Each structure stands twice: as C-alpha cells, then as structure tokens.
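Comments concern the structure below.
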There are 2 protein chains.
Amino acid sequence: MATPLHISISEKLRRQIEVGEYKSGDRLPSEHQLMETFNVSRITARQAVANLVSQGLAIAYRGKGVFVTPQKKVTYSLSSPLVFLEQDMARQGITFSFENLAFESMPAAADVAAELGIVEKSEVYRQKKLLRMDGAAGAVDISYLSTELGEPFVPLFQRQMTFPTLAQNGIPVERLDGVIECTHADYDLSGYLEVPLGHALMVYRYTAYSSDQQPVLHGSTISRADRFCYSLSTRSGS
Amino acid sequence: MATPLHISISEKLRRQIEVGEYKSGDRLPSEHQLMETFNVSRITARQAVANLVSQGLAIAYRGKGVFVTPQKKVTYSLSSPLVFLEQDMARQGITFSFENLAFESMPAAADVAAELGIVEKSEVYRQKKLLRMDGAAGAVDISYLSTELGEPFVPLFQRQMTFPTLAQNGIPVERLDGVIECTHADYDLSGYLEVPLGHALMVYRYTAYSSDQQPVLHGSTISRADRFCYSLSTRSGS
DNA sequence: TCGCTCAGCTTGTTATGACAAGTGAGCTTA
DNA sequence: TAAGCTCACTTGTCATAACAAGCTGAGCGA
C-alpha cells in the first residue's frame, strides 16, 4: 500500500459525501466506529477525520460528533458597486443579519492612511461588523473612514450596517478598487467565524473613490470561503 | 492553562515568524528540538507544526525539516481583460513558465456545454496547463473551446500558452464574466500544486464572450492562495 | 579526486493507553 | 411534574513506542 491508511479512509468518506451517501449536515461515523470498521487505531481514525476537516468537507464538535459541512454559498456581485448584498442574498434564498462588533475613532495606521490618502495617525472612524447568514457567522468586515469627511459621508457611515461599500447606500462613489486574496484562519479568526483552525478564508480589500477621485472609504471583508464567492464582469470596451 | 499546549507552541512560533525571527524560507526547529525545548511529547510537537502548516505558514518536507512558507504573491489584474499576465509578473519581479499538461478534444460535459451555449456532448478542445512561478508550481488552468469555432479562435487557442483568456492574445473578446471562490486542496491537487492537503486554493471560473455576445471560451484557473491574488477595479459610471 | 555506501538526521505512519471535557438522554429526586 | 443528577458517548489533549522513508554529509574505497 503506497497510500497511507488515513488517506484511504478519508478518501473513501470523501467519495461517499460527494456521491450523496452522507448529505449536508449528516453525522459521519464516530472515531470509535471508524476504528472498528477499518480495524485501525484511534490515531489513524482521527487523522482521517482531520483530513476531511482540513479540506473543509466536515466539521467536528466535541461531545457531539463529526458532521458534513453545509455547502450553501452566497455569490456577491462585484460587477457594479451599486448592487446591494441584501438583494443578492434574498434572491439566493438566504436570510442574513448584521451585528455591530465595534465602532470607534482612532489614529490611522500606516497602511490605512496610505489607502485613504491622509497623514498617518490622522483620526479615522473604524467600524467592525459581523455578517450572519442563516444564523451562522459568514464574514467579518472592518472599514475605515476619515473623520475629516463631512456630509454625506460621516453620518451615513455611522448609520450604515450594510456591506461593504458606501455606494450601496446612495453615497456618490465613482470607482471601487479591490484585491481578492485568500488566507487560512488563525486561532483568533477561527473562533470568530466558527471554523476550524486553518480553514480557507477570502479577503476582499477595497478602497472606494468619490467622483473627484479622492479615496473615501477603505476596508476589508474577511469571509468564510465555504459560504462566499465573488462574481465579476469586465468589458474590454473603452 | 485553558489553551492547549500545541496551540501555545504554534502561536509562539507564529509570532516569531511574524516578527521576522524566522524569515521566509528559514528552517523551523525540528520536532525533536521542540520536544526538548517545551518538554512535550512528539505528538504535541507534531500537532503544533501541523497547526502552522494548516495555516499556510510553514511546509514540511520529509527528511529535510519544516520551513517557513515563501510569501511572494503575484497580483493578477482582472480590471481589464487586455492586461497580460506576463506583464504583471515581470513587473512584480517573478520569473514564470508555462507547461502544457494536456491538449485534447472531447465531448463537452453538461456544465461546460451550458457555459459555452452549445449542445451537451458537442466536441470541444480541452487545454490543461501548469503555471510555474520562480520554478515552483503556482496554478493550473483548464479551459474549453468549441471545435466549431473557426478563425481566429481555434488556431490561436491551440497555440496559446498564456493565462487565462483569449483576449490576451489579440482575439476580440468583448466581455469576461467570472466567479472567484476558494476551496481546499484535495489529495490530487495537493500533489499537483505542491501544497499540503487542505491548503487554500483560489478558483477563478471564467467565460469570455465575443463582440457578438456569444460565449467563446470557458475555463477555470486553480491557483495557490499563497502565491496568487486578484485585483479589480469597477466604475459605477454607466 | 571521484563516486559510492551508510550512518544519522529528518518527517510520516501507526499502535496503545489514559484522562479531560462537552453533550444529551434517561433516571432520580424533590 | 419538574428540576437536577448521573452516565454513556463523543471529540480533544497528551504520553510512550516503534518502524518506514526521504535527505544529507562524512568517510571509505577505487
């Protein structure tokens, strides 16, 4: 046998999940059951389960068992900054809610100041919010706005609980630049987003510019890769 | 101690990596050294290392040791389908090469046929290529083109080894729709892209439309999340 | 000097054993 | 009946032990 035992076991379970033998939310065999079924030690059975968890296919709860990960994904459209996330999600049949985690004013860090085109340590508002999808954590958004901006930016920013740009609230935003990347959950984020350590997360780091080409808002959305994806459409026409 | 030993150890190492005590490519202490330093069993030391690997911070090589993951990322611009990946990468100081993994004609699967607007099981060309960045695997791209398309599409598709759209080769592409999502590496892909099982991967699934709004090319680029990110810019102007 | 072998390092796989801690069902008790 | 407790089952943490397999360099022999 070239392939390790724990790989054969996890691959077999993975196929069963893909075929539908175990459906979304189903409970997988316990470690003890795997030990008996495949006649292996608990370490090997645990390793097989760990493989599935690291692939995002399952999630383990102490005292309860191991369950197949629910798959429902939200597609968030970046094609136009005028589309509301709320509309996207309602159309996709997912209920959602926002939770305000923090709102404060603070001196801008170097990277935030650079993005907003202001002097380092200038005062900025910082808003941190949690998006829940069907009750479960889906994404965390942290955004910054200079306190020097007047109407209509500041009051709207203080009120707004949506995602992720001011353009969605009728604020005149001309351009929205962004970078999408992907990381692994560290110990802190894994607790926040209710995912195992190392789970794939998407990071959307954006900066919104007003009609006079001045940066207005900067922030990043950290979302669970198993619940979020971004769609976009570009045209080559000038 | 509420936090497990293996978490304390991996978190300590993570901080040392972030501070720069261990730099990109440096070798981390071996399991045996960790056992002595922290006075723990090999299981605990291994678990600590596994935590770092699952977070994408380190990678282990049998017989050699555990090394801090190189961090260099390529930013690929999706703002305009006219930008060449080659230019992006050259500007970012990364050498690259393409490797043709497969080129064949085959009946179209249901999802491919739907994207290309053709009948299921129509004949399509399938091209699979590997992108190497500084010698190491970076991404795999699989793209489909209907064999019924004539000039200039087919001959250019057969020749082209670039990434990921025909627009980059002077073929008239009017619109490029895409979805970016993120998954974990399964056993196969982890071997292909030289990453540990469960490593975060970005998937860019795209469809290119010609000037008469007909779909021309469909494919997906599966890239290592530690080496790739996508940038985009959208305008709200009509 | 060149090339080969092998010892000694590394991580990978696997077994056995033990206790901790969370969950939930069922029983006991007020 | 209702509240609370116990117990069985679950995953999480951690130790000791052994062998497999990949890598590297020292040392030997040609």
Side-chain angles (χ1 to χ4, degrees), chain A residues 1-13 22 25-69 185 187 190-191 194-199, chain B residues 1-13 22 25-69 136 185-187 190-191 194-199:
Chain A
M1 289 276 276
T3 56
L5 282 175
H6 63 88
I7 292 284
S8 342
I9 297 173
S10 63
E11 283 292 289
K12 176 160 188 178
L13 289 171
Y22 293 109
D26 278 5
R27 187 174 158 198
L28 293 176
S30 72
E31 292 172 358
H32 193 75
Q33 286 173 305
L34 290 178
M35 287 169 70
E36 289 196 342
T37 306
F38 296 96
N39 197 30
V40 294
S41 75
R42 197 180 159 208
I43 283 203
T44 307
R46 267 186 81 71
Q47 183 68 50
V49 173
N51 291 341
L52 295 175
V53 171
S54 82
Q55 289 175 72
L57 292 171
I59 182 159
Y61 298 99
R62 178 190 285 198
K64 297 176 76 174
V66 181
F67 299 83
V68 178
T69 309
Y187 193 54
S190 70
E194 302 165 6
V195 291
L197 187 67
H199 189 92
Chain B
M1 289 278 275
T3 57
L5 282 174
H6 62 88
I7 293 283
S8 338
I9 297 174
S10 63
E11 282 293 288
K12 177 160 188 178
L13 289 171
Y22 293 109
D26 278 5
R27 185 174 159 196
L28 293 175
S30 73
E31 293 172 359
H32 192 73
Q33 287 173 306
L34 290 178
M35 287 169 69
E36 289 194 344
T37 307
F38 296 96
N39 198 30
V40 294
S41 75
R42 195 177 161 210
I43 285 201
T44 307
R46 264 186 83 72
Q47 183 67 51
V49 173
N51 292 340
L52 295 175
V53 171
S54 82
Q55 289 174 72
L57 292 171
I59 183 158
Y61 297 99
R62 176 189 287 197
K64 296 176 76 175
V66 181
F67 299 84
V68 179
T69 309
D186 60 25
Y187 192 55
S190 69
E194 302 166 5
V195 292
L197 188 66
H199 189 92

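A note on names: the letters A, B, ... follow the listed sequences, proteins ahead of strands, and every chain is numbered from 1. Only a predicted model underlies this, so the values are computations on that prediction, with no experimental measurement involved.
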Q) Does R46(A) have a side-chain nitrogen or oxygen under 4.0 Å from the phosphate oxygens OP1 or OP2 of dG12(D)? A) yes
Q. Does T3(B) reach the side chain of Y187(A), with side-chain heavy atoms less than 4.5 Å apart?
A. yes
Q: Using whole Å, report how far CG of N51(B) lies from P of dC14(D).
A: 10 Å
**Q.** Between NE2 on residue H199(A) and CD1 on residue I59(A), distance to nearest 0.5 Å
**A.** 8.0 Å
Q: Would you mind reading off the distance between H6(B) atom NE2 and dA20(C) atom P, rounded to a whole angstrom?
A: 17 Å
Q. Checking all strands, does V49(A) fall into the base, sugar-phosphate, or nothing category for heavy-atom contacts under 4.0 angstrom?
A. nothing
**Q.** Integer-rounded Å distance: dT13(C) P and R42(A) CZ
**A.** 19 Å
Q.
Rounded to whole Å, how long is the line connecting atom CD of E31(A) with atom P of dT14(C)?
A. 16 Å
**Q.** Test side chain to side chain contact (heavy atoms under 4.5 Å, CB included) applied to E36(A) - qualifying residues, sequence neighbours left out
**A.** H32(A)
Q.
Output the rounded distance in Å from CD1 (I43(B)) to P (dT16(C)).
A. 13 Å
Q) Of the nucleotides dA21(C), dT23(C), dC23(D), which one has an atom closest to the side chain of K64(B)? A) dC23(D)
Q. For G63(A) and N39(A), take the nucleotide of DNA chain C holding the closest heavy atom to each; which residue's nucleotide lies nearer the 5' end?
A. N39(A)
Q. Can you find a side chain N or O atom of H32(B) that sits less than 4.0 Å from OP1 or OP2 on dC9(C)?
A. no
Q.
Is there a side-chain contact between T44(B) and the phosphate of dA15(D), meaning an N or O under 4.0 Å from OP1 or OP2?
A. yes
Q) Closest approach of G56(B) and T69(B), non-hydrogen atoms and distance? A) O-OG1, 3.1 Å
Q: Give the rounded distance in Å between these two atoms: CG of L5(A) and C1' of dA15(C).
A: 11 Å
(Q) Side-chain N or O of S41(A) versus OP1/OP2 of dT16(C): is the shortest distance under 4.0 Å? (A) no
**Q.** Atom pair distance, as rounded to whole Å: CD1 in I59(A) and P in dT10(D)
**A.** 19 Å
Q) Between Q33(A) and V40(B), which is nearer to the 5' end of DNA chain D once each is assigned its nearest nucleotide? A) Q33(A)
Q. Where the side chain of R62(B) is concerned, which of dC14(D), dT14(C), dT11(C) is the nearest nucleotide?
A. dT11(C)
Q) To the nearest angstrom, how far is E36(A) atom CD from dA15(C) atom P? A) 14 Å
